[in-house]
Amino acid sequence: MGTVRNIVILTGAGISAESGIDTFRSAGGLWEQHRVEDVATPEAFARDPELVLRFYDMRRAAIQEKLPNPAHFALAELDAKWKGGLLIVTQNVDDLHTRAGARRVLHMHGEHLKAWCTSCDVRSHWRGPLIERPPCPVCQARTLRPDVVWFGEIPYRMGEIYAALREADLFVSIGTSGAVYPAAGLVRNARDLGIATLELNLERSQGSDWFHESRQGPASALVPQWVEEILAK
Ligand code: NAD
């Protein structure tokens, strides 16, 4: 690997697993007999909004009880100390990167702690439940939904992600299964651009073969170790 100036990091559910937040694929990927993929779609919301709102209300409440783990703190330290370009692109809808102190974070799949009003298109900070159909704080319409990108919807800010990748010398993927696109395709975009690629994941993932280097182990151990290495260079 040559000199590294600009880094793009992609994180997935695996980085929050040791904080006690289930990955979708743990526990068989089922929620109350529903495949998670069937709860997290616009079709599911149209068919059975109560089910979908209940699912997200539960998860929104749960993440507020959880704390960042050493992997989130290590990335926050990297963010504070890294003088070059850095973008932490997260697929996670929890707020643990931010709570650990990271600032250069992009939520490509939205955020649990925001509600999106489909009438006035404004996104508001939100901590409570949505099941009772509370009014939008801006336009009062009772049309709030979780500000989470569902399967079949287009992730946020892809232009910014590709722009950061074009400037990057290193792409690092942490705790993601390589199953959800377009996030899973970023390693191939990085390879096409000639960028060094590193994977840190509990086990080999569907995308492992695309990386120049793949390290296996828990994020709470691998991430602090890698951050120490890169800051020492
Ligand atoms: P995923 O559930 O498909 O995969 C998680 C990956 O993390 C797996 O490859 C697993 O081996 C690995 N992993 C599990 N524990 C780990 C640990 N302790 N250390 C390192 N790696 C570990 O998750 P995904 O790839 O992020 O894709 C699923 C989609 O669901 C994404 O959109 C994701 O953001 C969303 N999701 C988000 C959250 C959250 O916000 N915390 C939780 C569940 C799912």
Side-chain angles (χ1 to χ4, degrees), residues 1-16 23-25 71-72 74-94 96-98 100 102-111 148-217 219 221-233:
M1 198 188 305
T3 311
V4 176
R5 254 196 68 73
N6 301 326
I7 309 173
V8 172
I9 298 172
L10 172 71
T11 69
I15 199 168
S16 295
T23 65
F24 274 179
R25 279 157 192 79
H72 299 104
L75 292 188
E77 183 192 352
L78 178 67
D79 185 12
K81 295 185 174 165
W82 190 254
K83 301 274 184 279
L86 175 76
L87 185 63
I88 301 169
V89 176
T90 187
Q91 299 170 81
N92 294 345
V93 290
D94 66 51
L96 297 184
H97 284 304
T98 311
R103 304 175 72 101
R104 290 179 272 182
V105 180
L106 186 159
H107 281 272
M108 69 180 292
H109 290 163
E111 298 173 59
V148 163
V149 176
W150 287 326
F151 291 93
E153 295 183 320
I154 299 169
Y156 297 156
R157 300 165 68 181
M158 290 307 296
E160 278 172 70
I161 297 171
Y162 291 131
L165 210 53
R166 282 194 294 274
E167 299 297 317
D169 323 287
L170 176 62
F171 173 75
V172 186
S173 171
I174 303 171
T176 172
S177 60
V180 179
Y181 284 82
L186 289 175
V187 62
R188 273 180 261 177
N189 300 125
R191 291 295 294 253
D192 289 345
L193 291 162
I195 300 168
T197 54
L198 167 67
E199 173 183 62
L200 309 176
N201 204 48
L202 189 61
E203 56 199 6
R204 284 187 67 78
S205 75
Q206 253 168 271
S208 288
D209 288 344
W210 289 99
F211 290 86
H212 293 105
E213 186 187 350
S214 179
R215 300 182 191 174
Q216 276 83 55
L222 290 187
V223 179
Q225 181 191 36
W226 169 71
V227 167
E228 200 177 309
E229 270 170 43
I230 191 99
L231 285 175
K233 273 189 185 158

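Sequential numbering from 1 along the given sequence is applied to the chain's residues.
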TODO: Identify the heavy atoms of L165 and A190 that sit nearest to each other, and give their distance.
DONE: CD2-N, 4.1 Å
TODO: Look up atom NE2 in H72 and atom CG in N92, then write down how far apart they are to the nearest 0.5 Å.
DONE: 6.5 Å
Open item on the list: Apply side chain to side chain contact (heavy atoms under 4.5 Å, CB included) to residues V148 and E153 and explain how you reach the verdict.
Closed with: CA-CA 9 Å; V148 163; E153 295 183 320; over 6 Å; no
Open item on the list: Using the rule side chain to side chain donor-acceptor pair (under 3.5 Å), only one of T23, D94, T11 pairs with S16; which is it?
Closed with: D94
Open item on the list: Is the shortest side-chain heavy-atom distance between T3 and D169 below 4.5 Å?
Closed with: no
- [ ] Indicate yes or no: at least one non-hydrogen side-chain atom of K233 is less than 4.5 angstrom from one of V4.
- [x] no
Open item on the list: Restricting to non-hydrogen atoms, name the atom on V180 and the atom on F151 that form the minimum distance, rounded to 0.1 Å.
Closed with: CG2-CE2, 4.0 Å
Task: Flag if over 12 foreign heavy atoms under 6.0 Å of CD, E228 - done: no
Task: Value rounded to 0.5 Å, distance of CZ in R166 from CD1 in I161 - done: 11.5 Å
Task: Test item: L10 and M108 side chains (from C-beta on) under 4.5 Å apart, heavy atoms - done: yes
Task: Distance in Å, R157 CZ paired with L106 CG, rounded so as to fall on 0.5 Å steps - done: 3.5 Å
- [ ] Heavy atoms only: give me the nearest S205-S177 pair and the separation to one decimal.
- [x] CB-O, 3.6 Å
Task: Heavy-atom neighbours of W210 CH2 exceed 12 at 6.0 Å - done: no
Open item on the list: Please check this pair: side chain of N201 against backbone of T176, looking for a donor-acceptor N/O pair closer than 3.5 Å.
Closed with: yes
- [ ] Check whether any side-chain heavy atom of Y162 lies under 4.5 Å from a side-chain heavy atom of V8, and answer yes or no.
- [x] no
TODO: Working to the nearest 0.5 Å, report the span between CD of E77 and CH2 of W82.
DONE: 12.5 Å
Open item on the list: Please give me the minimum heavy-atom distance between I195 and L170, naming the atom from each residue.
Closed with: CG2-N, 3.4 Å
TODO: Could you go through the side chain to side chain contact (heavy atoms under 4.5 Å, CB included) check for I88 and L78 one step at a time?
DONE: CA-CA 10 Å; I88 301 169; L78 178 67; over 6 Å; no
TODO: Quick one: pull up OG1 in T90 and NE2 in H109 and give me the separation to the nearest 0.5 Å.
DONE: 9.0 Å
- [ ] Looking only at non-hydrogen atoms, find the nearest pair between L87 and E160 and report the distance.
- [x] CD2-O, 4.4 Å
TODO: Supply the atom-to-atom distance L198 CG to S173 OG, rounded to the nearest 0.5 angstrom.
DONE: 8.5 Å
- [ ] State which residue, out of E203, E229, E199, fulfils the salt bridge (Lys or Arg N to Asp or Glu O under 4.0 Å) condition with R215.
- [x] E229
TODO: Please work out whether the ring planes of F211 and F171 are parallel, tilted or perpendicular, with thresholds of 30° and 60°.
DONE: parallel
- [ ] Using a strict cut-off of less than 4.0 Å between a Lys/Arg side-chain nitrogen and an Asp/Glu carboxylate oxygen, indicate whether D79 and R104 qualify as a salt bridge.
- [x] yes
Open item on the list: Testing the basics here: between A219 and I174, what is the closest heavy-atom pair and its distance to 0.1 Å?
Closed with: CB-CG2, 4.5 Å
Open item on the list: Do V172 and I230 make a side-chain contact, defined as non-hydrogen atoms from C-beta onward lying under 4.5 Å apart?
Closed with: no
Task: Pair H212-T197, side chain to side chain donor-acceptor pair (under 3.5 Å): steps then yes or no - done: CA-CA 5 Å; H212 293 105; T197 54; 2.9 Å; yes
